[in-house]
Amino acid sequence: MQAKDDEMILPRGITGFGGINTNPPLFLDEKAFRRMCHALARENGGAVTEVDTDTAVRNFYSAKLSRYDESVFLLQNIHYPYAAFAQRDASGRFVLIQQPEWLRLPEIPVRFLNFAELNQNWRGLCGELSPEELEQIRYWNPQTVGEIIFNAWD
């Protein structure tokens, strides 16, 4: 899945869209996501204060981890083990951020994407995507890899 150092190739199905002749990508286990979030919270002296696994209009799970007066959202794509950190903006949408300094990651089978990976331009990284996915990308016009991996397109 890796291209150059910080470039990743977007794998087929990562958007959550496919055609009638396409096998839908597998869903990652929602319970495993919950377990991972609770383990991360415990490891960092915090708590999981919110979990949202409703994927009706988005392709990721989210959970809010809080510790003292700090909090961060963990997002995980529902088809591939890619995760990122986020905050909510004034309108309630997720904004991808860098890993908070207070949060340490143990060895887990999920790849947390760094800020450079999330914010790179997606053009040139979508050779594996299906025509249906490319059509959605043209329609929604995302600017970054992160906007594709963690989308709320309906």
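Since the structure is predicted, the reported quantities are computational estimates derived from the model, not experimental observations.
- Hydrophobic clustering keeps Leu105 apart from Phe115 (ILVMFWY residues linked when any side-chain heavy atoms are closer than 4.5 Å, directly or through intermediates).
- Remark: the backbone N or O of Ile14 is paired with a side-chain donor or acceptor of Glu133 at under 3.5 angstrom.
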Using side chain to side chain contact (heavy atoms under 4.5 Å, CB included), reason through Val48 and Arg34 one step at a time and then give a plain yes or no. CA-CA 9 Å; Val48 175; Arg34 288 174 186 270; over 6 Å; no
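- Within a 6.0 Å sphere centred on CZ of Arg93, heavy atoms belonging to other residues, nucleotides or ligands number 12 at most.
- Once rounded to the nearest 0.5 Å, the distance linking CG of Leu125 with CD1 of Ile148 reads 8.5 Å.
- Among pairs with a residue in residues 64-74, those fulfilling side chain to side chain donor-acceptor pair (under 3.5 Å) read Thr49-Ser66, Arg67-Glu70, at least two apart in sequence or across chains.
- Here the shortest heavy-atom pairing between Pro142 and Ile137 reads CD-O, 3.2 Å.
- Rounding to the nearest 0.5 Å gives a distance of 6.5 Å between CG of Leu75 and OG of Ser62.
- With hydrogens and angles ignored, the 3.5 Å screen pairs no side-chain donor or acceptor of Asn119 with any backbone N or O of Ala116.
- Residues Asn77 and Ile149 approach most closely at ND2-O, 2.7 Å, considering heavy atoms.
- For Phe94 and Phe73, the gap between ring centers is short of 6.0 Å.
- Side-chain contact of Gln136 with Thr15: a donor-acceptor pair under 3.5 Å is absent, judged by distance alone.
- Phe150 does not carry Arg58 over the face of its six-membered ring by the limits of under 6.0 Å from the centre and within 45° of the normal.
- Atom CE of residue Met36 and atom CG of residue Leu28 lie 10.0 Å apart, to the nearest 0.5 angstrom.
- Residues Pro106 and Leu40 have side chains in contact (heavy-atom distance under 4.5 Å, counting atoms from C-beta outward).
- What you find for Glu128 and Leu10 is that their closest heavy atoms are CB-O, 3.6 Å.
- Judged by distance alone, with hydrogens and angles left aside, the side-chain atoms of Gln143 form a donor-acceptor pair with the main-chain N or O of Asn141 at under 3.5 Å.
- Checking Phe60, Phe27, Tyr61 one by one against His79, the ring-ring contact (aromatic ring centres under 6.0 Å, His included) holds for a single residue, Phe27.
- Between the side chain of Tyr80 and the backbone N or O of Gly13, no donor-acceptor pair lies under 3.5 Å.
- Between atom CG of residue Leu65 and atom CD of residue Glu43 there is a gap of 11.5 Å, rounded to the nearest 0.5 Å.
- The main-chain N or O of Ala152 is never found under 3.5 Å from a side-chain atom of Asn59 such that the two would form a donor-acceptor pair.
- The line from CH2 of Trp122 to CD of Glu147 is 10.5 Å long, rounded to the nearest 0.5 Å.
- Between the Asp89 side chain and the Ser91 main chain, a donor and an acceptor come within less than 3.5 Å of each other.
- Between Phe33 and Ile78, every side-chain heavy-atom pair lies at or beyond the 4.5 Å cut-off.
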